[in-house]
Structure formats: C-alpha cells, structure tokens
Amino acid sequence: MINNMKIVVIGGSGLIGTKLVNNLRQHGHEVVAASPSSGVNTLTGEGLAEALAGAQVVVDVANSPSWDDKAVLEFFETSGRNLLTAEAAAGVGHHIALSVVGTDRLLASGYFRAKMAQENLIKSSPVPYTIVRATQFFEFVGGIAQSATEGATVRLPSALMQPIVSDDVAAALADVAIAEPLNDTVELAGPEPIRMDEFVRRFLEANGDSRKVIPDAHALYYGIKVNDQSLTPGDHPRLGPTRFEDWLSHSTPQR
Ligand SMILES: NC(=O)c1ccc[n+]([C@@H]2O[C@H](COP(=O)([O-])OP(=O)(O)OC[C@H]3O[C@@H](n4cnc5c(N)ncnc54)[C@H](OP(=O)(O)O)[C@@H]3O)[C@@H](O)[C@H]2O)c1
C-alpha cells in the first residue's frame with residue numbers, strides 16, 4: 001500500500017463516488033472528485049487532462065444519465081475511450097472501474113451491452129486495471145420496485161440476488177484503489193442471497209408502502225429474463241458485511 005497518492009474519482013458526486021471520495025480522503029490521499037458538476041466531463045473530454053495531471057490512480061464510478069440503449073452505449077464507449085486515452089497520456093498506473101456481477105449473462109439488455117463495452121475497452125487498453133463487478137445496491141431496491149409497478153401491484157421474477165449496501169461497495173473500492181492492479185475482474189456481493197420478490201416486498205413493507213409484490217416466472221427484470229444464476233456471484237466473491245435487515249431498520253421510518 002502506498003500513502004498519499006493522487007486519486008481521481010470519476011463520478012465523484014454520485015452515490016458511490018461521494019462515499020469513496022470521503023473514504024480515501026480519510027486515509028490521507030489527495031482525491032479529486034471529478035464530474036460534470038465540477039467541470040470534468042468524460043463524454044466531451046472537458047477538464048480531463050487537468051484533473052488527471054500527476055494522478056497515480058483513477059476510479060471510474062460514473063453512470064450514464066440516460067439508460068436508453070443508444071445513449072448508454074454512447075456514454076460508456078465514448079467516456080471509456082476518452083478516459084483511458086487521457087490516463088495513458090498522464091501515466092496513470094491503475095484504472096479501476098465499477099461494473100455489475102453477471103454483465104456477460106445480461107447482454108439482452110442495452111445497459112449491460114454498454115457495461116460490457118466499457119469492460120472490453122479497459123481490457124484492451126495499456127493502462128493496468130482492476131474491474132470490480134458488484135451486485136445490485138440495497139439503495140437500488142426502490143428503483144426495481146418502480147420499474148415493475150403496474151397500479152398497485154409489482155410483478156417480479158423470484159430470481160436469486162445477493163445485493164450489497166453502497167457503503168460496503170465504497171469501502172471495497174477504496175481497498176482496491178490503494179492496492180496493486182490485478183489486471184483482472186473481482187466480484188463483490190452482500191452477505192446473503194435473497195429472492196428478488198422478497199427483496200422488494202421487505203423494502204415496501206418497511207416503508208409502509210401498500211403495493212403488493214407478485215412473484216411471476218414470466219416477469220422481466222428491466223426488460224430481460226433472469227434466472228437464479230443471472231445476478232448472483234461466482235465462487236469467491238468478496239462479501240460486504242452489512243445485512244439487508246439491518247440497513248432496512250436504519251434507513252426506513254420506524255412504525
Ligand atoms: N445501481 C446498482 O445497483 C449498481 C450495481 C453494480 C454496479 N453499479 C455501477 O455503479 C456505478 C455508479 O453508480 P451510482 O449509482 O453511484 O451512480 P450515480 O449516483 O447515478 O452517479 C453518477 C455519477 O456519474 C457522473 N457523471 C454523469 N455524466 C458524466 C460525464 N459525462 N462525465 C463524468 N461523470 C459523469 C455524475 O456526475 P454529476 O453529479 O455531475 O452529474 C455522478 O457523479 C455505475 O457505473 C453502475 O453501472 C451499479
């Protein structure tokens with residue numbers, strides 16, 4: 001581990017980015033929180049060379065503002081190219097990107113085709129890298145419910161998941177950022193598996209939300225079919241310690 005590195009967090013104002021920036025600063029590193037709101041845009045290249053000057057490490061936790069098939073592919077391809085080219089020019093020694101467990105199994109979705117393109121650009125770039133594939137964040141559960149809501153019902157497949165809290169993702173990324181590049185992909189998951197319908201049902205119940213969750217083998221997850229293998233990690237994921245029940249009891253109104 002090296003002390004006092006200059007680390008650039010692309011997407012440093014986002015859910016994961018904010019936590020990662022704080023975590024790395026607390027460990028004494030010089031951290032640049034880079035995003036369009038601070039004048040750094042990976043899609044246009046604006047501010048990129050200035051932000052990267054003298055940086056040893058870049059962590060990319062940006063996300064596309066639009067999840068439209070075309071827009072999201074354009075975002076991850078163009079941003080990825082601009083960023084890796086700028087990193088190579090600046091002599092960055094480690095590129096870390098946050099991707100999603102199962103990306104290669106979810107290519108029926110435009111979002112995951114874009115994440116796959118992001119990963120492939122990283123692997124073919126000369127910059128040493130570590131790709132961290134995480135499972136769904138606990139904070140994403142409301143979005144899953146919303147995406148599957150029709151009136152007062154939420155129809156979802158009962159596929160297995162192993163979601164993780166965003167704080168544990170940020171902590172794991174901070175460890176990866178100060179370690180040597182692996183030139184490989186690592187997986188990150190929460191401490192316990194849960195079925196998708198149960199994940200959403202518990203969240204809605206804890207929030208006093210009366211929508212009814214109906215498990216449906218034919219229901220789609222963001223437009224694609226998923227099974228018990230689609231979203232769950234392989235044999236040796238790194239595990240975040242926070243349990244869903246504990247997060248729910250701290251993050252939802254107590255009745
Ligand atoms: N949601 C999940 O369950 C999940 C699971 C596994 C992996 N992931 C991955 O985690 C990553 C981060 O997700 P998140 O939820 O933390 O994202 P988020 O909260 O939506 O934040 C997105 C960040 O990207 C920045 N950004 C947008 N356009 C940009 C551009 N042109 N140039 C530079 N930065 C730009 C935003 O900056 P501004 O604030 O300035 O707009 C913001 O800081 C994503 O890559 C996602 O694929 C998500």
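Treat the numbers as computed from the prediction; the structure is a model and nothing was measured. Just so you know, residue 1 is the first one in the sequence shown, and it goes up from there. Whatever order the structure lists ligands and atoms in, that order sets their numbers, starting from 1.
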Does ligand 1 have any N/O atom under 3.5 Å from a protein N/O, and what are those pairs and their distances?
unit_1	atom_1	unit_2	atom_2	d
ligand 1	3 (O)	Phe137	N	2.9
ligand 1	16 (O)	Leu15	N	3.4
ligand 1	16 (O)	Ile16	N	3.0
ligand 1	19 (O)	Leu15	N	2.8
ligand 1	24 (O)	Asn63	N	3.1
ligand 1	31 (N)	Asn41	OD1	2.8
ligand 1	32 (N)	Thr42	N	3.0
ligand 1	32 (N)	Thr42	OG1	3.0
ligand 1	37 (O)	Ser13	OG	3.3
ligand 1	39 (O)	Ser13	OG	2.6
ligand 1	40 (O)	Ser35	OG	3.0
ligand 1	40 (O)	Ser37	N	3.0
ligand 1	40 (O)	Ser37	OG	2.8
ligand 1	43 (O)	Gly11	O	3.2
ligand 1	43 (O)	Ser13	N	3.4
ligand 1	43 (O)	Ser13	OG	2.7
ligand 1	43 (O)	Gly14	N	3.0
ligand 1	45 (O)	Ala62	O	2.9
ligand 1	45 (O)	Lys115	NZ	2.8
ligand 1	47 (O)	Tyr111	OH	2.6
ligand 1	47 (O)	Lys115	NZ	3.0

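For the ring pair (Phe, Tyr, Trp, His ring centres under 6.0 Å) test, residues two or more places apart in sequence or in another chain that qualify with Tyr111 are Trp67.
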Q: Would you sort out whether Val200 and Val141 count as a side chain to side chain contact (heavy atoms under 4.5 Å, CB included), showing the intermediate values?
A: CA-CA 6 Å; Val200 171; Val141 63; 4.1 Å; yes
(Q) Does Asp69 form a side chain to side chain contact (heavy atoms under 4.5 Å, CB included) with Arg113? I'd like the steps, not just the answer. (A) CA-CA 9 Å; Asp69 283 7; Arg113 289 195 294 277; 3.4 Å; yes
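Alongside Met116, the hydrophobic cluster contains Leu107 (criterion: ILVMFWY side chains under 4.5 Å).
Side-chain contact between Lys115 and Leu106 is absent, with no heavy atoms from C-beta onward closer than 4.5 Å.
Counting only residues at least two apart or on different chains, the ring pair (Phe, Tyr, Trp, His ring centres under 6.0 Å) pairs with a member in residues 191-225 are Phe140-Tyr222, Phe199-Phe244.
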